[in-house]
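Worksheet: the structure to be examined is printed underneath.
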Amino acid sequence: MVVSIVAVSVLITFTMIRVSERLFIDTFSLGNAKVMEQVTTDFEALSYSLVSVSNQVQQSGYVKNYLTDERSDPIELAKAAHRIKLQMDRYVTMIDQEGINIVLFGENGRVYSTNYVNWPVSADRLKKDRITFNSYKEPNRILYQYDPKKIDHDINQEETIVTSKALIENSTDRIYGVMYIAIRERDFKQLYTRYTGNGNNVLLLNQSGMVVSSSDESIAGQKFQELLQDVKGMEGHHHTYKQVEVLGENYLLFSEYLPTFDMYLVNLIDRESVMSNLLDTKMIAMISAVIVMIALCIVFLISRRLTKSLSSLVKQISNMSQKNFDSYIVESGSYETRQLSKAFNNMLDELHDYVQKLIDTQKKQRNAELEALQQQINPHFLYNTLASVKFMVQNGDKEKSAQTINALISLLQNTIGNISETNTVEQELNNIKNYVYINQIRYGDSIKVHYFVSPECLPFELPKLILQPFIENAFFHGFNRKKEGYIQLMILQKDEQLICEINDNGDGMEEKTINRKSKRKLFSGIGIRNVQERIQLIYGNRYGVNVASQIGEGTRVTVRLPVIKSKDNTNL
C-alpha cells in the first residue's frame with residue numbers, strides 16, 4: 001500500500017511537471033513565433049531600404065562619373081565630390097538605421113565614405129578584400145557579409161555587417177565600381193536586442209554556419225555547423241521549435257529564414273532558465289512529499305484499527321516458528337479473527353495427536369525391526385560354534401569348551417533374550433568380547449583384538465548391535481591376503497559426542513568394495529548401511545558412520561553417536 005501511494009504520487013507529480021512544461025513551451029512557442037515574425041519584418045524593412053539605395057546608386061550618373069572619370073583637375077574633383085556628398089547624404093537618410101556608412105569604390109581607384117569612422121577602410125584594402133572579390137564574383141546580387149577584422153590598428157574598429165553590390169554599366173555589363181553599405185554589428189543588432197533577455201539569445205546565421213550577428217558578443221564570428229544542420233532540418237516541417245545542445249547547454253531552437261539576406265534568424269532560449277522561472281520543482285516535490293506523508297498516516301491509522309486483532313493473532317502464531325506447539329491462541333477480536341484462532345487451536349490439537357501417534361508408531365516400528373533382526377542370527381555361526389565345542393569335548397578340553405559355551409550363551413542372551421533397543425557401552429563391549437572369543441576359538445588367534453575404552457564412557461547408552469557388524473567385517477573380510485594382524489576398538493567422548501572407532505591393519509578396500517560390504521548382512525543380519533540408517537533414524541542426520549580405507553594399509557570405521565547416559569542418569 002505504501003509503495004502504491006508513493007508510486008502514484010511520484011507518477012502524478014512527474015506527469016504534472018511534464019504536462020506543465022509542454023503546455024508552457026507550446027504557449028511560449030506561439031508567442032515567440034510572433035516575436036520572430038516582428039523581427040523578420042524589421043529585417044525585411046531594412047533589406048528593402050538597402051535595396052532601394054542600391055538601385056538609386058546604380059542609376060546615378062554622378063556616381064558613375066565619379067567612379068569612372070580619370071581627370072585629375074582639382075576644381076572638377078571638388079565639384080564631383082560635393083555632388084556625391086549631397087546624393088550620399090540623401091541616400092543615408094533613406095536607411096532608417098543608426099551607424100550607417102555608405103562607401104563607394106571605383107575602378108579609377110577613387111573611394112568615397114559617408115562616415116569614415118564607422119568603417120575605416122582604405123582603397124588598397126578594399127581592392128584586395130574578400131568582400132570586393134565576392135561582389136565581383138556575383139555582380140547581380142546584393143551580398144550581406146561579415147567583416148570581423150581590424151583594418152587599421154590605430155583605430156578601434158568594431159565588427160561590421162557589410163552590404164555590397166557591384167555597379168554595372170548597362171550597355172556593356174562592365175563593372176565600374178562597388179558600393180558598400182556598412183553597419184556596425186552593435187548597431188545592426190538593435191533590430192532584435194529589445195526582444196532578448198537573460199537566457200534568450202538571437203543570432204543571424206549565414207549559409208556557411210558563421211554567426212554574422214548575435215546578442216551574445218562572445219559567439220559572433222564563430223561557426224556552428226551542427227546548429228546550421230539543426231536549423232536546416234526544421235525547414236519543411238511543422239515543428240515550431242526544437243531542443244538542441246549548443247556549447248554544452250540545452251536550448252529551445254526557433255528559426256526563420258530571411259530570403260533577402262540568405263541567412264537564418266535563430267532564437268536560442270535556455271531551457272533550464274525558462275523552466276526554473278515557470279516551475280519550482282523543489283516546492284512541487286516538497287508538497288508531494290507532504291501529501292504522501294499525510295496519506296500514509298491516514299492509511300496507517302485506518303489499517304491499524306482494522307487489523308489490530310489480526311496483528312495480535314499473527315504475533316501469537318509467530319511462536320510456531322520456534323516449535324512452540326503448546327502456545328494456544330486467545331480467541332478475541334473480530335468475528336473473523338476469533339474463527340481463525342479457533343481453527344488454529346483445533347489444528348494444534350490435531351497436530352499434537354498426530355505427533356504422539358507418529359512417535360508411538362516409530363517406536364513400535366524400531367522395536368519390531370530390532371526384534372526381527374535379533375532373530376536373524378546366521379545358523380552357520382551356531383553350527384560351526386557347536387561343532388567346535390563338540391571337537392573340544394572329544395579332545396578332552398572341557399575347560400575351553402565350557403568357556404566357549406558360556407560365551408555363546410551370553411551372546412545369545414544379549415541378542416535374542418534382551419529386547420531393549422539400547423545397551424550400555426559396557427554391555428556392548430562384553431558382547432563383542434564374547435563374539436571375538438568364539439571366533440578365536442574357531443579360527444585361532446592370528447588376529448589380535450585390542451580394546452581402548454575410556455572408563456567414563458562405560459555407562460553411556462548406544463543402540464544394540466551397532467559395533468559388532470564392523471568387528472565381524474574386519475575378521476572375515478579384512479585379512480584375506482594377510483594372515484595376521486590386529487583389530488583395535490576405541491571408545492571415547494569428544495565434544496558432546498560418543499566416538500567409536502574400529503581400526504584394522506588388514507587388506508584395505510576400494511570405494512566400490514566398501515559400498516558392496518555395506519549391503520551385506522553378517523552375523524546378526526545387520527549390514528553397515530543398516531547401521532547408518534538406524535543411527536540417523538534414531539538420532540538424526542548429524543550422526544552416523546564414516547568408513548575410510550586404503551589398499552594394503554587397512555580400514556578405519558568411525559561411528560558418531562550422541563552422549564546419553566543410562567536410564568538412571570540424565571542426558572549430558
Side-chain angles (χ1 to χ4, degrees), residues 39-69 77-123 125-127 129 131-132 134-135 139 141-152 155-168 175-194 204 212-213 258 260-261 263:
V39 176
T40 302
T41 302
D42 294 341
F43 273 108
E44 289 177 350
L46 175 62
S47 175
Y48 177 77
S49 62
L50 295 177
V51 171
S52 298
V53 171
S54 298
N55 291 335
Q56 292 286 341
V57 173
Q58 175 71 48
Q59 296 171 9
S60 173
Y62 292 118
V63 173
K64 179 180 179 182
N65 290 334
Y66 182 78
L67 299 179
T68 58
D69 190 5
L77 285 176
K79 290 180 180 180
H82 179 69
R83 288 192 294 267
I84 288 298
K85 182 180 182 306
L86 293 176
Q87 278 201 338
M88 292 298 103
D89 290 343
R90 183 167 59 86
Y91 293 155
V92 169
T93 59
M94 293 175 60
I95 303 174
D96 186 17
Q97 179 65 39
E98 295 182 5
I100 203 74
N101 182 19
I102 301 178
V103 179
L104 299 177
F105 173 67
E107 285 292 312
N108 57 7
R110 291 179 181 175
V111 176
Y112 177 83
S113 177
T114 60
N115 190 351
Y116 184 77
V117 175
N118 286 350
W119 197 42
V121 60
S122 63
R125 191 273 190 183
L126 279 177
K127 188 174 183 179
D129 195 87
I131 296 177
T132 303
N134 292 335
S135 300
R141 289 186 57 196
I142 297 178
L143 302 180
Y144 297 87
Q145 303 182 68
Y146 176 68
D147 182 18
K149 299 179 181 178
K150 291 184 178 181
I151 307 304
D152 297 320
I155 302 174
N156 186 20
Q157 184 205 351
E158 302 179 41
E159 290 85 353
T160 308
I161 309 298
V162 179
T163 303
S164 64
K165 174 67 173 65
L167 302 176
I168 305 173
I175 299 175
Y176 60 84
V178 179
M179 179 198 69
Y180 310 88
I181 303 176
I183 309 174
R184 289 177 301 185
E185 200 272 333
R186 66 184 175 90
D187 295 324
F188 182 79
K189 64 185 181 183
Q190 295 300 321
L191 292 168
Y192 55 79
T193 51
R194 63 180 181 274
L204 207 61
V212 176
S213 177
L258 304 177
T260 56
F261 289 86
M263 298 182 188

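For the ring-ring contact (aromatic ring centres under 6.0 Å, His included) test, residues two or more places apart in sequence or in another chain that qualify with Tyr180 are Trp119. Applying the ring-ring contact (aromatic ring centres under 6.0 Å, His included) rule to Tyr144 yields the partners Phe261; only residues at least two apart in sequence or on another chain are considered. The side chain to side chain contact (heavy atoms under 4.5 Å, CB included) test applied to Ser49 returns Leu46, Ile95, not counting sequence neighbours. For Tyr192, the ring-ring contact (aromatic ring centres under 6.0 Å, His included) test picks out no residue, with sequence neighbours left out. Ser60 is linked by a side chain to side chain contact (heavy atoms under 4.5 Å, CB included) to Tyr62, Val63, Gln87, Tyr91, counting only residues two or more places apart in sequence or in another chain. For the side chain to side chain contact (heavy atoms under 4.5 Å, CB included) test, residues two or more places apart in sequence or in another chain that qualify with Gln58 are Lys165, Leu167, Ile168, Asn170, Tyr176.
Among all heavy-atom pairs drawn from Ala123 and Val111, the shortest one is CB-CG2, 3.4 Å. Between Val53 and Met94, the shortest heavy-atom contact is CG2-CB, 4.0 Å.
Seen from the ring of Tyr66, Arg110 counts as a face-on cation partner, given the 6.0 Å and 45° thresholds.
In this structure the side chain of Asn101 reaches within 4.5 angstrom of the side chain of Ser113, judged on heavy atoms. At least one side-chain heavy atom of Leu104 sits under 4.5 Å from a side-chain heavy atom of Met88. A 4.5 Å side-chain heavy-atom check between Tyr112 and Lys85 finds at least one atom pair inside the cut-off. Side-chain contact between Leu204 and Leu258 is present, with heavy atoms from C-beta onward closer than 4.5 Å. Considering only heavy atoms from C-beta on, Ser135 comes within 4.5 Å of Gln145 through its side chain. The closest side-chain heavy-atom distance from Phe43 to Tyr48 is not below 4.5 Å. With contacts defined as side-chain heavy-atom distances shorter than 4.5 Å, the pair Val39/Leu191 does not qualify. Within the 4.5 Å cutoff, the side chain of Leu86 has no heavy atoms near those of the Arg90 side chain.
Panel note: side chain Thr114, backbone Ile102; a donor-acceptor pair is recorded below 3.5 Å. Side chain of Asn108 to backbone of Asp69: a donor-acceptor contact under 3.5 angstrom is found. Using a distance-only test at 3.5 Å, with no hydrogens or angles considered, a donor-acceptor pair links the side chain of Asn65 to the main chain of Gly61.
With values rounded to the nearest 0.5 angstrom, Ser54 atom OG is found 13.0 Å from Arg141 atom CZ. Here OG1 of Thr160 is found 10.0 Å from CZ of Arg186. Values are rounded to the nearest 0.5 Å. Rounded to the nearest 0.5 Å, atoms CD1 (Ile175) and OG1 (Thr132) are 11.0 Å apart. To the nearest 0.5 Å, the span separating CD1 on Ile161 from CG on Asp187 amounts to 10.5 Å. Here the CD1 atom belonging to Ile142 is positioned 9.0 Å from the OG1 atom belonging to Thr260, to the nearest 0.5 angstrom.
A donor-acceptor pair shorter than 3.5 Å cannot be found between the side chains of Thr68 and Glu107. Counted by atom type alone, Ser164 and Asn134 present zero donor-acceptor pairs between their side chains at under 3.5 Å.
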Determine whether Val162 and Ile181 satisfy the following criterion, side-chain contact (heavy atoms from CB on, under 4.5 Å), listing intermediate values before the conclusion. CA-CA 6 Å; Val162 179; Ile181 303 176; over 6 Å; no
